[in-house]
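Worksheet: the structure to be examined is printed underneath.
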Amino acid sequence: MLNGEHLNNWIRNIDSIISSILTELNIDSTEKHICDKKIEYVLMKGEMAISISYTLDKAYDVMVVDANSEKIVYSNTEFGVEPLELRELINRDVVKTKWI
């Protein structure tokens, strides 16, 4: 288990990776939530909302929701994802959803 300093470093590293990806996507608005084992971003672009989360246990999750109907348009979860794999996975999932 990570102590406080290691957890803060982990959060900063993951936040930096995900933030750099998000700046490329022309997002309307972004919210970031951090709890003890997970970083989650909720993004809005037009009528779509996307949730991207990554956990201390290396679980990656993405979900795209149509804001009008509140129906899930796309969802994917993967386990054992290393931080350096996040860029590729987020880009792949964003392209699959035609969100960009």
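What you see is a predicted model; the values in this text were computed from it and never measured. Hydrogens, waters and symmetry mates are skipped; everything else that's a heavy atom, side chains included, is used.
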Stepwise side-chain contact (heavy atoms from CB on, under 4.5 Å) check, V64 with M48 = CA-CA 7 Å; V64 179; M48 302 299 274; 3.5 Å; yes
Distance check, rounded to the nearest 0.5 Å: [X] atom [atom1] versus [Y] atom [atom2]?
{"X": "S53", "Y": "I14", "atom1": "OG", "atom2": "CD1", "result": "11.5 Å"}
{"X": "L84", "Y": "N13", "atom1": "CG", "atom2": "CG", "result": "9.5 Å"}
{"X": "R12", "Y": "I17", "atom1": "CZ", "atom2": "CD1", "result": "13.0 Å"}

[X]: which residues meet the salt bridge (charged side-chain N to carboxylate O under 4.0 Å, His left out) condition with it, sequence neighbours left out?
{"X": "D66", "answer": "none"}
{"X": "E78", "answer": "R92"}
{"X": "K32", "answer": "D15"}

Note, [X] side chain near [Y] side chain (heavy atom, < 4.5 Å):
{"X": "I52", "Y": "Y60", "result": "yes"}
{"X": "I90", "Y": "V62", "result": "no"}
{"X": "V42", "Y": "T30", "result": "no"}
{"X": "M63", "Y": "I50", "result": "no"}

Test side-chain contact (heavy atoms from CB on, under 4.5 Å) applied to K58 - qualifying residues, sequence neighbours left out | Y54, E82
Passes side-chain contact (heavy atoms from CB on, under 4.5 Å), V81 versus L86? Steps please.
-> CA-CA 7 Å; V81 174; L86 287 172; 4.2 Å; yes
If you take all heavy atoms of G80 and E85, which pair is closest and at what distance?
-> O-OE1, 3.8 Å
Taking every non-hydrogen atom, the tightest pair across Y74 and D93 = OH-OD1, 2.6 Å
From CA spacing to verdict: side-chain contact (heavy atoms from CB on, under 4.5 Å), D57, F79 | CA-CA 8 Å; D57 299 328; F79 300 95; over 6 Å; no
Using the test side chain to side chain donor-acceptor pair (under 3.5 Å), find all partners of S51 that sit at least two apart in sequence or belong to another chain.
-> E40
Partner residues of N68 under the side chain to side chain donor-acceptor pair (under 3.5 Å) criterion, sequence neighbours left out = E47
Does the pair V73 and V65 meet the rule for a side-chain contact (heavy atoms from CB on, under 4.5 Å), with working shown?
-> CA-CA 5 Å; V73 175; V65 177; 6.0 Å; no
